Enquirer: 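Let me begin by handing over the structure; questions about it come next.
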There are 2 protein chains.
Amino acid sequence: MAAIEAPKSQYGQIADELRKRIERGVYPLGSPLPSELRLADELGVSRVTVNKAVTLLRASGDVKVRRGLGTYVRSFPRIMRDAKRRYAARSLGTGAGEVEVRKLNLTSTTKYREIGRVGSPERVAQILGLRKGADTLVRRRVLYADGEPTQMADSYFPWTIVKGDGSLLREDAGKGGSYSRLADLGYAPVRFTEDVTVRLPNDAEQQTLQLDANQPVFEIWHVAYAEGDRPVEVCIHVMPGALWTLRYDWDDDLAAGPS
Amino acid sequence: MAAIEAPKSQYGQIADELRKRIERGVYPLGSPLPSELRLADELGVSRVTVNKAVTLLRASGDVKVRRGLGTYVRSFPRIMRDAKRRYAARSLGTGAGEVEVRKLNLTSTTKYREIGRVGSPERVAQILGLRKGADTLVRRRVLYADGEPTQMADSYFPWTIVKGDGSLLREDAGKGGSYSRLADLGYAPVRFTEDVTVRLPNDAEQQTLQLDANQPVFEIWHVAYAEGDRPVEVCIHVMPGALWTLRYDWDDDLAAGPS
DNA sequence: CAGTGGTCTAGACCACCAC
DNA sequence: TGGTGGTCTAGACCACTGC
C-alpha cells in the first residue's frame, strides 16, 4: 500500500488512506464507504481501529454516518459567507440569512424555534448596554440547505426599541428583513462587529445541527450598532465548521489614526 | 438535574464530569488530572473509556497531554485577534504579528523558517494575479507566546515589486514591518480581505503547533491590496482554534449600493 | 525502575435500518 | 432478519518520563 511507513498510528494512516480514496473518486461523493468490518478485513486491523480512523474523518467533515445504514462521503461544498455583502443584500429581498445558500442552488429553509419577549442572557445584556435580565425580543431560528441544518441563529433586540413593531414578532419580518424594520424605527444599523471562535458543540447543538461531539463549530457573536454607537442587535450564530468559509474585507484605517 | 435526559455515552458523560471538575477548580489550571487508570477505577469503567473522554477534552483544548507524564489542565486564555487594529498597529512599532500576544503580558517570540525567493503555490499565484509558479518572496514564520506555538504564518509577495528591497529578506523587516516596506516601494496596502475556515491539522502542522490530530485549526487567507486593487501580499495563517478569538468590524455599505 | 498515556485486539451487546 | 455503526471491556505491548 504505502511505500514508506512513517512512525504513525495505524488509525492515522488509515484515515489518510481513506481520504486519498475519496479524493481519487474510489469512493465518490455521496456514496457509502465499505462497512467497518469489511475495511478491517481488507486492511488487516481490528474494527475498533477502523472506527477510530472514521472518527477522524467525521471530525473533519469528510464523511457523515447514517445510523444503521452506513458511512457516506460528504457531498456538500463549503458555503461562502461574505459578512459585508450578506447584510447589504437586504436592499433587495429578504433578510441576510438565506443569501449564501441560494447562491449554491440549494433550497434554503428557515425554521423558527422561538419569537418573543424574554429576559436577556447576561452577556447579551452587557453588549446591548441593558440591565441584567432586561427584556429583549428574541428570534431563534435554524437554517437548512436542502434539508440539512447549516446554522442556528439567535437574535436579540432591546425590547424598548422594538416593542412598537409587530412585524418583528412574525416569522416573516417583511421586506428587507429585521434590519429594515430597525431602520423604520429610526435605528438603522450603520456598523457591525463580529467575534469568531471555534469550539465543540454542546448536546443541544449536536442534536439540532446533526453533529458528532468532536465536530467543531463556529460561534459568531454579531453585533449591529445604530448611529451614535447604539447597539441594537446581538445575533449569535452557531455553524458547523466544515460547512463554511467566512469572508471579511475592510479598508485600511491608518488615515484615521491609531486607536 | 436535567428535565429530559438523552441517553448518552459513558465517555461523553465522563468528559462532561471532568469539565465540571475543571470549572469548579477540583483540578486547578495547570494541574494534572488523575491518571487514566485511577479515573477508570474511580468511575468504574475501563481505561479505554476514560481515554476516549480525555480525547474529547483534548479536542476542545481543555487539557493538554505531556507524554510520559500526565494530562494537564490548560491554562491559556484565548487571544483576541482584532483584524483591523492589528494592521493599524504598524504605525507604531513592529509588524502585526506580535500585537495580540503582548497585550496578555505574554512573551512573544518569532521563529523564521524560510525567507527567500520561491515559485508561488498555485492558489497564491492565482490570487496575486501571477502566472502559475511565478517568483515570489516568501516569509515563513512561527509565532510563540511564552514558548508555546500560537500560529504559523506564510507571507507571499510578488517578486517583481519587492526585489528592490533588501529589508524584506531580513528577519527584521524594519520599523512598521513589511507593510511599511511595501509602502516605501509605492504599494501601500489600502484594503484587506480574509477568508476563514476551520479544519483539522495535517502532520506538519500537528508537529509544529504541538497539536493532536483532532484539534481544529483556523486557516486564514489574508490578502492585502494596494491602490487600484493591486494584490501585493497573501498571508496564510494556521492557528490552533482553541487559542484564538477573531474580531472583525465594518461599516454598513448600503449607501455605496449593492454589488 | 515504575508510572504515564498511545495504541491495538478479540469479543461482545446494543440501537437502528431496510427488507 | 441480517447488516450497519456505537459502545464497552480486559488485557496487552509500546514509548516516553522522572527518579
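Below, chains carry the letters A, B, ... as their sequence lines are ordered, and counting in each starts from 1. Here the structure is a predicted model, which means the values were calculated and not measured.
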Enquirer: For the pair B:S60 (side chain) and B:L57 (backbone), establish whether a donor and an acceptor sit closer than 3.5 Å, ignoring hydrogens and angles.
Expert: yes
Enquirer: From NZ of B:K8 over to C1' of D:dC8, roughly how many Å is that when rounded to an integer?
Expert: 17 Å
Enquirer: In B/S/- notation, 5' to 3', how is nucleotides 13-19 of chain C contacted by protein heavy atoms closer than 4.0 Å?
Expert: ---BSS-
Enquirer: For B:Y72 and D:dC16, give me the distance from atom OH to atom P, rounded to whole Å.
Expert: 17 Å
Enquirer: When you measure from the side chain of B:R74 to the backbone of B:F76, do you find a donor-acceptor pair of N or O atoms at a distance under 3.5 Å?
Expert: no
Enquirer: Can you list the steps and then say if B:R78 with A:E219 is a salt bridge (charged side-chain N to carboxylate O under 4.0 Å, His left out)?
Expert: CA-CA 14 Å; B:R78 282 198 192 243; A:E219 178 176 313; over 6 Å; no
Enquirer: Using whole Å, what does the distance between atom P of nucleotide D:dG6 and atom OH of B:Y11 come to?
Expert: 8 Å
Enquirer: To the nearest Å, give me how far apart CG (B:L18) and P (C:dG5) are.
Expert: 12 Å
Enquirer: Choose from D:dC8, C:dT7, C:dA10 the nucleotide whose nearest atom is closest to any side-chain atom of B:S46.
Expert: D:dC8
Enquirer: Taking A:Y156 for the side chain and A:V234 for the main chain, is one N or O donor matched with an acceptor at less than 3.5 Å?
Expert: no
Enquirer: Using the side-chain contact (heavy atoms from CB on, under 4.5 Å) criterion, which residues pair with B:T107? Sequence neighbours excluded.
Expert: B:D146
Enquirer: What residues form a salt bridge (Lys or Arg N to Asp or Glu O under 4.0 Å) with A:D16, not counting sequence neighbours?
Expert: A:K8, A:R19
Enquirer: Between A:R139 and A:L168 (side chain of the first, backbone of the second, donor and acceptor by atom type, cut-off under 3.5 Å), is there such a pair?
Expert: yes
Enquirer: Using a 3.5 Å distance criterion without hydrogens, assess whether the side chain of A:D212 forms a donor-acceptor pair with backbone atoms of A:N214.
Expert: no
Enquirer: Looking only at side-chain atoms of B:V45, point me to the closest of C:dC8, D:dT9, D:dG5.
Expert: D:dT9
Enquirer: Of all the base pairs, Watson-Crick or G-U under 3.5 Å, which form stems of three or more consecutive pairs involving DNA chain C?
Expert: C:1-18 with D:1-18
Enquirer: B:R141 versus B:S155: any side-chain heavy-atom pair under 4.5 Å?
Expert: yes
Enquirer: Using the six-membered ring of A:Y72, assess whether NZ or CZ of A:R66 lies under 6.0 Å from its centre and within 45 degrees of the ring axis.
Expert: yes
Enquirer: Using modelled atom types only, decide if a donor and an acceptor are shared between the side chain of B:T49 and the backbone of B:V45 within a distance under 3.5 Å.
Expert: no
Enquirer: Look at the side chain of A:T71 and the backbone N and O of A:V65, then say whether any donor-acceptor pair between them is shorter than 3.5 Å.
Expert: no
Enquirer: Would you call B:E148-B:K64 a salt bridge at under 4.0 Å N-O?
Expert: yes
Enquirer: Hey, can you pull the residues of residues 48-63 of chain B with a non-hydrogen atom under 4.0 angstrom from DNA chain C?
Expert: B:V48, B:N51, B:R58
Enquirer: Going by number, which of residues 22-41 of chain B have a non-hydrogen atom under 4.0 Å from DNA chain D?
Expert: none
